[in-house]
Amino acid sequence: MIKVILSHLGPYRRASFLTPFFSALEVVMEVLLPFITAAIIDQGISAGNLSAVFGYGALMLVCSMLSLMSGFLAGKYAAHASSGLACRLRDGMYENIQSFSFSNIDKFSPAGLVTRMTTDVTNVQNAFQMIIRIAVRAPFMLICSLFMCIWINARLSLVFAVAIVFLGGILALIMTRTSKIFDVVFRRYDDLNASVQENVSAIRVVKAYVREDYEKERFNGAAQNLYRLFVKAEGILAFNNPVMMLAIYGCMIAISWFGAHFIVSGSMTTGELTSMFTYIMSILMSLMMLSMIFVMVTMSAASAHRIVEVLQEKPDLRNPEVPLKTVADGSIDFNHVSFSYQKDAKKAALSDIDIHIRSGETIGIIGGTGCGKSTLANLISRLYDVTGGELLVGGKNVKDYDMEALRDQVAVVLQKNVLFSGTILENLRWGRADATPEECREACRQACADEFIERFPEKYDTRIDQGGANVSGGQKQRLCIARALLKKPKILILDDSTSAVDTATDAKIRKAFAESIPGTTKLIIAQRISSVQDADRILVLEGGRVNGFDTHERLLQNNEIYREIYETQTKGGGDFDEKTGGEA
């Protein structure tokens, strides 16, 4: 885990090495100061030697300036290295997430990924900064101060050995108890973020159903759960300071008692005892800093583990060693294809799909909710891999293609349309980055989006809010269709993407498809018969299986499910039952 985190230091390795160097130099200078102070007292003041006072005073000033400069440089390089590590960790996680297949993304919730890239990375950043600076400074200060104490009086230094053993045992007990709690705490952060994300994204629904109080209680429950865990962890950590104070004052009392006896007996000078008190504080402050580092490392260890999970997640889908870069045409062949979202699933999402679509055909896909329509579409652009059978596009297995080359020739307008913050023109150019304004206007004309865009004061420069919040559902769908058309794909998949437009506009869009992209294979997934009845052939799915695949006229004659759907929608025969495919 540590190796994976540190591998992202990159150009910040130099700063990571310079920080401990300057921290160590700062400690050396600080350790020399009490020793020089003792010399000033014993050799200067007590002996009445003024030149020794000035000489050692000048040396003390030089050491102080060097300590100050070293501390400044150590802080500067520590901030540079820790911030750089955090930046590269976020970049690495985000880059790896972009390579995930849908099955990889399903393992991590969106709220969980946000927590890992924000809170968890910040915890690791703070811990790393403390490690490269304080974790070097504190042990080095402890060792140097202890050495100087032994140099001054070895017998009196045994007091520190007792204090160190005592503190070490207490810190080990505290770390063991709190590390398990922090593992749970950061998982609860995911629940809290998920609650906020879901509420904000669905705020219109919350207000429409007057569920504000329910959402408040739900969020308060998640916040209270997090509060209780933090209180429990902090309650254990609270023992840290009292234990440290007990050790500090105990050492001071012991040193004062035994030191006074040594001075009376003549085995120790007043200057030496004065410097011993300074070293006592240095040693015990070092122990306190080490305890703080242990607390921070305990917290960040759980965060580091969550970060590494994302960094080491391998995409389930990979390109072949020698991938095909060109898709010959828009033909699609499902050769007895089966698919399950989970390997141990009892029921497959798709079973034995055996259909063959010619390039340039318009295929309608219809069926009840959950019958596998969207799943079938996702397999074509290899967002998931089939678990059985073989899927061919352009006469070649989709697994033989370079994934970017394949997806560049398959334009998908998803059921949940997504627009990004920016202008309408910038959103359209997601389809093709180098599209000219005229090409964008033509794509919008084909998608019947030009009629509402021209009514905006700024037309194509109109800004779209995050998620397309300032346009209607039908407008959003038409913009997404225009964006897909700009790709000039060999295969166009419309996943229920005209459900929010009226039937007249739907007909205009289908007519534009027939005229402007006759060579493109078009798959139209819809709930309305009117959206697919003019297709060359219509696929009827039921329970993940093919129930019918023929023209509109023949399906009316030979397919009971299709006929019942048609009669329900055209003659008002009753409510459609998604389980049976007929009337309720």
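Fair warning: this is a prediction, and the values are worked out from it, not measured in the lab. What's counted below: heavy atoms across the whole structure, side chains too, no hydrogens, waters or symmetry copies.
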Report yes if some heavy atom in the side chain of [X] is under 4.5 Å from a heavy atom in the side chain of [Y]; otherwise report no.
{"X": "Asn126", "Y": "Thr122", "answer": "yes"}
{"X": "Leu428", "Y": "Glu439", "answer": "no"}
{"X": "Leu486", "Y": "Trp430", "answer": "no"}
{"X": "Val4", "Y": "Ile307", "answer": "no"}
{"X": "Ile332", "Y": "Leu523", "answer": "yes"}
{"X": "Leu311", "Y": "Met93", "answer": "yes"}

Under a 3.5 Å distance rule, please check whether [X] uses its side chain to pair with a backbone N or O of [Y] as donor and acceptor.
{"X": "Asn397", "Y": "Lys399", "result": "yes"}
{"X": "Tyr401", "Y": "Val393", "result": "yes"}
{"X": "Ser351", "Y": "Gly544", "result": "no"}
{"X": "Ser82", "Y": "Gln129", "result": "no"}
{"X": "Arg133", "Y": "Thr19", "result": "no"}
{"X": "Ser338", "Y": "Asp352", "result": "yes"}

How close do [X] and [Y] get, counting heavy atoms only, and between which atoms?
{"X": "Ser23", "Y": "Ala74", "result": "OG-CB, 3.5 Å"}
{"X": "Leu379", "Y": "Leu391", "result": "O-CD2, 3.1 Å"}
{"X": "Arg407", "Y": "Ser381", "result": "NE-O, 3.1 Å"}
{"X": "Gly394", "Y": "Asp329", "result": "CA-OD1, 3.3 Å"}
{"X": "Lys373", "Y": "Gly368", "result": "NZ-O, 3.2 Å"}
{"X": "Arg88", "Y": "Pro11", "result": "NH1-CD, 3.8 Å"}

Measuring from atom [atom1] of [X] to atom [atom2] of [Y], what distance do you get when rounded to the nearest 0.5 angstrom?
{"X": "Ile493", "Y": "Ile363", "atom1": "CD1", "atom2": "CD1", "value": "12.0 Å"}
{"X": "Leu376", "Y": "Cys371", "atom1": "CG", "atom2": "SG", "value": "9.5 Å"}
{"X": "Ile464", "Y": "Ser421", "atom1": "CD1", "atom2": "OG", "value": "10.0 Å"}
{"X": "Asp120", "Y": "Leu89", "atom1": "CG", "atom2": "CG", "value": "10.5 Å"}
{"X": "Lys314", "Y": "Asn96", "atom1": "NZ", "atom2": "CG", "value": "7.0 Å"}
{"X": "Arg483", "Y": "Phe420", "atom1": "CZ", "atom2": "CZ", "value": "6.5 Å"}

Are Val398 and Val386 close enough, and set up right, to give a side-chain contact (heavy atoms from CB on, under 4.5 Å), and what steps lead you there? CA-CA 10 Å; Val398 291; Val386 302; 6.0 Å; no
Fit a plane to each ring of Phe339 and Tyr384, take the angle between them on a 0 to 90° scale, and name the class: parallel (under 30°), tilted (30 to 60°) or perpendicular (over 60°).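 Geometry flag for Tyr384 against Phe339: tilted rings.
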Return the orientation label for the His80 and Tyr12 ring planes: parallel under 30°, perpendicular over 60°, tilted otherwise.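 If you compare the ring of His80 with that of Tyr12, the planes turn out perpendicular.
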For the pair Asp408 and Lys487, evaluate side-chain contact (heavy atoms from CB on, under 4.5 Å) and give the outcome as yes or no after the intermediate values. CA-CA 7 Å; Asp408 200 42; Lys487 291 183 71 172; 3.9 Å; yes
Passes side-chain contact (heavy atoms from CB on, under 4.5 Å), Leu25 versus Leu73? Steps please. CA-CA 11 Å; Leu25 184 59; Leu73 291 173; over 6 Å; no
Test of understanding: with salt bridge (charged side-chain N to carboxylate O under 4.0 Å, His left out), list the residues that count as partners of Asp434, not counting sequence neighbours.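 Here the qualifying residues are Arg432.
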Neighbour count above 12 (heavy atom, 6.0 Å) for [X] [atom1]:
{"X": "Tyr94", "atom1": "OH", "result": "no"}
{"X": "Arg14", "atom1": "CZ", "result": "no"}
{"X": "Glu95", "atom1": "CD", "result": "no"}

With Thr462, the side-chain contact (heavy atoms from CB on, under 4.5 Å) member among Ile424, Leu425, Ile453: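 Running side-chain contact (heavy atoms from CB on, under 4.5 Å) over Ile424, Leu425, Ile453 with Thr462 returns exactly one hit, Ile424.
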Name the one of Phe72, Phe22, Phe21, Phe17 that satisfies side-chain contact (heavy atoms from CB on, under 4.5 Å) with Tyr77?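 By the side-chain contact (heavy atoms from CB on, under 4.5 Å) criterion, Tyr77 pairs with just one of Phe72, Phe22, Phe21, Phe17: Phe22.
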Please list, one pair per line, the donor and acceptor atoms closer than 3.5 Å that link side chains of residues 317-327 to other protein atoms, with sequence neighbours excluded.
unit_1, atom_1, unit_2, atom_2, d
Asn319, OD1, Met403, N, 2.8
Asn319, ND2, Asp402, OD1, 3.1

Any residue meeting side chain to side chain contact (heavy atoms under 4.5 Å, CB included) with Gln446, in chain and number order, not counting sequence neighbours: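 With neighbours one apart ignored, the set is Glu442, Leu485, Ala512, Ser516.
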